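I have placed the structure first, in the form of structure tokens, so that the comments after it can refer back to it.
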Amino acid sequence: MTETLFHGGRVFTPGGFAEAALVRDGVVAAVGTLDDVATASAEPFDLAGGLLTPGFTDSHVHPVQAGLERALCELSEVYGLDAYLGVVAAYAAAHPGREWVQGGGWDMAAFPGGLPRREQLDFLDRPAYLIQRDHHAAWVNTRALERAGITKDTPDPADGRIERDPDGTPTGVLHEGAMDLVGLLTPRPTAADQEAALLDAQRHLFSLGITGWQDAIVGSYAGSDDQLPTYLSAAGKGLLTARVVAALWWDRTKGAEQIPSLVERRASAEGLDRFRATAIKIMQDGIAENYTAAVIEPYCRCGGTGLSYVDPALLKGYVRELDALGFQVHFHAIGERAVREVLDSLEGTDPANRHHVAHLQIITPDDVPRFAALGAVANLQPLWAAHSPQMDELTIPYLGEPRSSWQYPFGDLVASGARLAAGSDWPVSSADPLEGMHVAVNRVEPPASHHAGHSATPFLPGQALDLRTIMTAYTEGSAWLNGSPAGVIEPGRPADLVVLDRDPFAQPAAEIALTKVRATFIDGQQVFG
């Protein structure tokens, strides 16, 4: 028998705060005052004034893709055209034998109208394919367009768009489904590359206190290969320590005929301790900044209303069939029309399947209360709910009023009784849950994200959440979404725990993001720190 006594700080519990917690053989044994829970045989762990929380569960993340990008031309740590080109040039020089320059992380707000151009990458001696930070577009050079045979006469795919000059010449940006025209031509990562990427991502997530996650796209999408074999291999070899649910990709070019194969894919993970493939990812629209988010009234500048990737008339039938088979449906919905379409599709489904809608950028006031009424979980990515160059220079002007004021209505969702989960969408944005909590509470970007266009003005501050609510979303809320037994510090629960270096509840709200993870435990075993 092994016992660990966590003391010397506070313990975050559903009912408030406790003084200490005792873990025995990987399970929480007792929570309460130090005198009540201490035993003579327990190994002490001094919280040193910090906070003990349940392990965080990221409800929407892309670890394999993130790990692969970390090994390629990584642009997310810099900002601006000159900085991007410097990183690209250095990467190309360091890897002269690679056939392509691949990577990503560029920000639309760094370019006029959100659009880089092919000529900016034409100094390279090989084709380039660089995925945009949000993973809804790719920046390519002329060599890449030529390799793919893309000309002014190439038609747009049904689920995407080739950005063009007035004469029809491709400019070097491929939106949504058009990304595959080039992305599928890039060198494929090996099985070893994929596994190394997953394990690198797992180490990074452990360092942030994340002990479980839902991989939001497991399948072939936007030039990436299917990650299911990677997860099955890692879990089978005991290398996957986190508790993981896969959201299997719904191929939007197909219909109900793909459901039997999804059932087979789910079955392939049965019997694994750390991995289940029990969710289905349906991406219903794109993003507002390239006019592909599905909106009700036309965008202010382009006049279009975006894309519904799955025909709403057919979506309800697909969802009903998936629901009857016991799948959880994980929706991507950004625009208010997409949110309404997915909520409509959930009418009459079983809330016990824990269906959820991720991103939720724009929701009409009429649709906010439908989450609680339908039992649909609001899966928040809080980092985006702040003023930023992308929000202020692209999103708000494109959306106009009153639609801009409907963005990220976290407070209204809580007030209406909606259940919350929370995640990051990493590598689209930082995976750090404390940074997400900072934005949810303050509605401004965390200090680590400050750049030349940073605004200290809170974004729709009436939609802010209190720290307990958003921390509960990252712990109990997301763990419940995943069907995980962790997420709460109470007797009988797995000891998936995080030790924070300070107690953010005892600090000013403006300092939440300064909180760091000292140690992370899964089943009582220390995996970080």
Side-chain angles (χ1 to χ4, degrees), residues 6-14 16-19 21 45-58 76-77 79 204-211 380-392 408 410-411 414 420 422-426 429-478 489 497-521 528-529:
F6 294 89
H7 69 98
R10 291 201 294 179
V11 179
F12 182 79
T13 74
F17 297 98
E19 187 179 5
F45 189 106
D46 188 357
L47 298 175
L51 182 69
L52 183 71
T53 76
F56 304 128
T57 296
D58 192 315
S76 64
E77 299 300 319
Y79 182 82
H204 179 66
L205 295 172
F206 285 167
S207 76
L208 300 174
I210 295 167
T211 57
L380 313 181
Q381 283 65 62
L383 267 175
W384 307 340
H387 283 291
S388 66
Q390 181 166 306
M391 174 63 74
D392 294 342
Y408 305 115
F410 302 162
V414 170
L420 303 185
S424 67
D425 209 8
W426 183 60
S429 50
S430 168
D432 189 344
L434 276 305
E435 292 187 359
M437 294 180 210
H438 182 100
V439 177
V441 172
N442 294 285
R443 303 287 287 203
V444 298
E445 291 184 306
S449 299
H450 290 185
H451 41 61
H454 169 74
S455 171
T457 302
F459 178 70
L460 302 174
Q463 299 297 341
L465 300 178
D466 64 85
L467 181 55
R468 173 166 284 276
T469 296
I470 189 59
M471 186 173 285
T472 299
Y474 272 103
T475 53
E476 183 178 4
S478 293
I489 302 177
L497 305 170
V498 178
V499 178
L500 302 180
D501 68 349
R502 68 197 73 191
D503 184 344
F505 290 92
Q507 309 294 327
E511 298 179 8
I512 292 171
L514 301 179
T515 307
K516 302 300 178 187
V517 171
R518 274 183 57 205
T520 305
F521 297 81
F528 170 75

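All of these numbers come straight from a predicted model, not from anything done at the bench.
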Give the minimum heavy-atom separation between S430 and E435, together with the two atoms involved.
OG-OE1, 3.1 Å

Correct closest heavy-atom pair for V444 and H438 would be O-CD2, 3.7 Å

Donor-acceptor pair, distance only, cut-off 3.5 Å: does the side chain of T520 make one with the backbone of S207?
no

Parallel, tilted or perpendicular for F6 and F45, by the 30°/60° rule?
tilted

On a heavy-atom basis, which atom in L47 and which in G8 lie closest, and how many Å separate them?
CB-C, 3.9 Å

For residues V441 and A464, report the shortest heavy-atom separation together with the two atoms involved.
O-CB, 3.4 Å

Looking at residues at least two apart in the chain, or sitting in another chain, which of them share a side-chain contact (heavy atoms from CB on, under 4.5 Å) with T515?
L434, L500, D501, R502, P504

For the CG atom of L460 and the NE2 atom of H387, what is their distance to the nearest 0.5 Å?
6.5 Å

Hey, does the side chain of R468 reach the backbone of F505 with a donor-acceptor pair shorter than 3.5 angstrom?
no

Taking atom CG of D432 and atom CG of L383, what is their separation to the nearest 0.5 Å?
8.0 Å

Side chain to side chain, S76 and W426, heavy atoms closer than 4.5 Å
no

Could you go through residues 48-58 and list every donor-acceptor pair under 3.5 Å that involves a side-chain atom there, pairing it with any protein atom two or more places apart or in another chain?
| from | atom 1 | to | atom 2 | distance (Å) |
| --- | --- | --- | --- | --- |
| D58 | OD1 | H60 | N | 3.0 |
| D58 | OD1 | S424 | N | 3.1 |
| D58 | OD2 | S424 | N | 3.4 |
| D58 | OD2 | S424 | OG | 2.6 |

Can you confirm whether V498 sits close enough to T475 that some side-chain heavy atom of one is under 4.5 Å from a side-chain heavy atom of the other?
no

Heavy-atom closest pair (V439 atom, P446 atom, distance to 0.1 Å) is CG2-CD, 3.4 Å

With sequence neighbours left out, the residues meeting salt bridge (Lys or Arg N to Asp or Glu O under 4.0 Å) with D503 are R10

Is it possible for you to check whether R443 lies under 6.0 Å from the centre of the six-membered ring of F410, through NZ or CZ, and within 45° of that ring's axis?
yes

Indicate the atoms forming the closest heavy-atom contact of M391 with W384, along with that distance.
CE-O, 4.0 Å

Among V517, T211, I210, which residue meets the side-chain contact (heavy atoms from CB on, under 4.5 Å) test with F528?
V517

